[in-house]
Every structure is written in structure tokens, then in C-alpha cells.
Amino acid sequence: MLQSVFMKKIFALFCAVCLMPGFSAQAWIGGPFSGNSFFQAEDNDGVYEATASTLNGMGVYRFAVGNDNGTNLNPVNVNLGSMLPGYTNIWYYQGVQYFGSTIGTINSMSGRVIAMGTANDAMGLGTNSFVSAFKARLLHESKFIAATPFVGVGEANITTALGPGPIFKFTVLGSKVSYKLL
């Protein structure tokens with residue numbers, strides 16, 4: 001009997017020292033888009049999309065942020081749709097379509113998103129250019145939203161062979177759509 005109690009204590013000590021450190025607690029952190037990683041949800045890296053609207057027009061932006069030794073990278077693999085390779089900025093304004101590229105960055109510490117897009121008519125090869133830029137702020141009011149939403153305003157201008165056109169304003173609404181760059 002005494003040997004049985006002694007063996008139980010030795011087995012309990014063995015489990016506490018050898019087996020228990022191997023177990024880890026699992027939890028669903030940050031909703032279905034966090035990849036079960038606590039640190040990933042707060043990181044700026046990922047793909048962001050935004051839609052813009054103005055009178056007689058609308059636009060779409062897509063850009064990626066990847067930090068490599070503190071520098072922002074914008075890879076070319078964040079295209080909008082499979083039919084339009086290489087285009088990350090698309091506008092439809094006053095009946096004309098413009099296709100081009102976007103460069104953007106985000107700073108979650110200051111709560112700012114900044115992006116600039118350049119696009120041309122004739123499937124991105126035309127002479128009429130559409131230049132736009134926006135500044136937005138991150139929305140951190142809700143802890144239950146899985147994405148990283150932002151809202152803001154921007155300005156755009158169309159330049160033709162006759163010269164620059166009037167500058168007009170637009171509103172933008174966007175969010176982080178992927179934590180992975182590929």
C-alpha cells in the first residue's frame with residue numbers, strides 16, 4: 001500500500017516535470033481572419049482595398065504593405081481581378097474607364113492610410129491620365145470587426161492633351177482584405 005502511494009506521487013511528479021510543459025493552450029484569437037496568431041492581427045503587413053465615390057464616378061484601389069527591415073514594399077502580385085493583369089487602380093469617371101497602379105502605406109500607430117493612384121484611359125495605354133490620392137483614418141471603435149476598416153477623402157485630376165482638368169474631391173472607404181501578401 002505504501003509503495004502504491006509512493007508510485008502515485010512519483011508519477012504525478014513525472015507528469016508535472018516532463019509531460020505538462022509540452023501542452024499548450026489553444027484559443028481562437030481575432031476571429032476567422034487572424035490565422036490563430038495573436039501578433040498577426042495587429043501587424044500592418046497585408047493587402048488593402050478601397051473604393052472611392054464621387055459625382056459621375058467611382059474608383060477602386062488595391063495596395064500591399066510588406067515590411068522588410070523597416071521599408072515598405074509594394075509587390076506586383078496584388079492585381080484586381082484575373083482579367084486585368086497589373087492594374088491596381090481602376091476608375092470609371094464620366095463614362096471613361098481608367099486603368100493604372102496604386103502605391104500606398106499604412107501606419108497603425110498614427111491611424112493613417114495614404115495612397116496614390118495613376119491611371120490612363122484606353123486600357124491603361126491612352127494619353128488621358130487620371131491622378132488621384134487619398135488620406136484616410138483607421139477605425140478602431142469596434143473590437144468585433146475582423147477586418148481593419150478605414151475612411152477618408154481624396155482629390156483627383158484628369159489631364160488630357162488640352163491640359164489639366166479641374167480638381168475634384170471624392171470619399172473613400174476601405175479595409176484590410178488579407179494578412180498575406182501572396
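Counting from 1, the numbers follow the sequence of the chain as shown.
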side-chain contact (heavy atoms from CB on, under 4.5 Å) assessment of S129 paired with T118: CA-CA 7 Å; S129 65; T118 58; over 6 Å; no

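- S108 is listed as a side-chain neighbour of L138, based on a closest heavy-atom distance under 4.5 Å.
- Within the 4.5 Å cutoff, the side chain of V151 has heavy atoms near those of the L139 side chain.
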Stepwise side-chain contact (heavy atoms from CB on, under 4.5 Å) test for F150 and F134: CA-CA 11 Å; F150 54 87; F134 72 84; 4.0 Å; yes

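- Counting heavy atoms from C-beta outward, L173 and S53 have side chains that stay 4.5 Å or more apart.
- You'll find the side chain of S175 reaches within 4.5 Å of the side chain of V177, heavy atoms only.
- A heavy-atom distance below 4.5 Å is found between the side chains of F63 and V113.
- For N56 (side chain) and Q94 (main-chain N/O), no donor-acceptor pair under 3.5 Å exists by modelled atom type.
- M58 and W91 are members of different hydrophobic clusters when ILVMFWY side chains are connected at heavy-atom separations under 4.5 Å.
- Summarising the geometry of N89 relative to A119, their closest heavy-atom pair is OD1-CB, 3.8 Å, with the distance given to 0.1 Å.
- At distances below 3.5 Å, at least one donor-acceptor pair connects side-chain atoms of T102 with backbone N or O atoms of T88.
- The closest side-chain heavy-atom distance from I106 to Y48 is below 4.5 Å.
- Donor-acceptor pairing under 3.5 Å is recorded for the side chains of S132 and Y61.
- We find the CD1-CD1 distance between I114 and I103 to be 12.5 Å, quoted to the nearest 0.5 Å.
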Pair Y92-Y98, ring pair (Phe, Tyr, Trp, His ring centres under 6.0 Å): steps then yes or no: CA-CA 6 Å; Y92 180 76; Y98 299 89; 9.1 Å; no

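- Note: M123 CE to Q97 CD = 7.5 Å, rounded to the nearest 0.5 Å.
- Of the possible polar contacts, none joining the N107 side chain to the R112 backbone as a donor-acceptor pair under 3.5 Å is found.
- Under the 3.5 Å distance criterion, the side-chain polar atoms of T54 are matched with a main-chain donor or acceptor of K169.
- Inter-residue side-chain proximity for Y93 and F170 is flagged as unmet; no heavy-atom pair is nearer than 4.5 Å.
- Using modelled atom types, no side-chain atom of K135 and backbone atom of A115 make a donor-acceptor pair closer than 3.5 Å.
- Nearest heavy-atom pair, V172 versus A136, reported as atom, atom and distance to 0.1 Å: CG1-CB, 4.4 Å.
- Taking hydrophobic clusters as Ile, Leu, Val, Met, Phe, Trp and Tyr residues chained together by side-chain heavy-atom distances below 4.5 Å, F99 does not share a cluster with V131.
- The CG atom of N128 lies 8.0 Å from the CD1 atom of I158; values are rounded to the nearest 0.5 Å.
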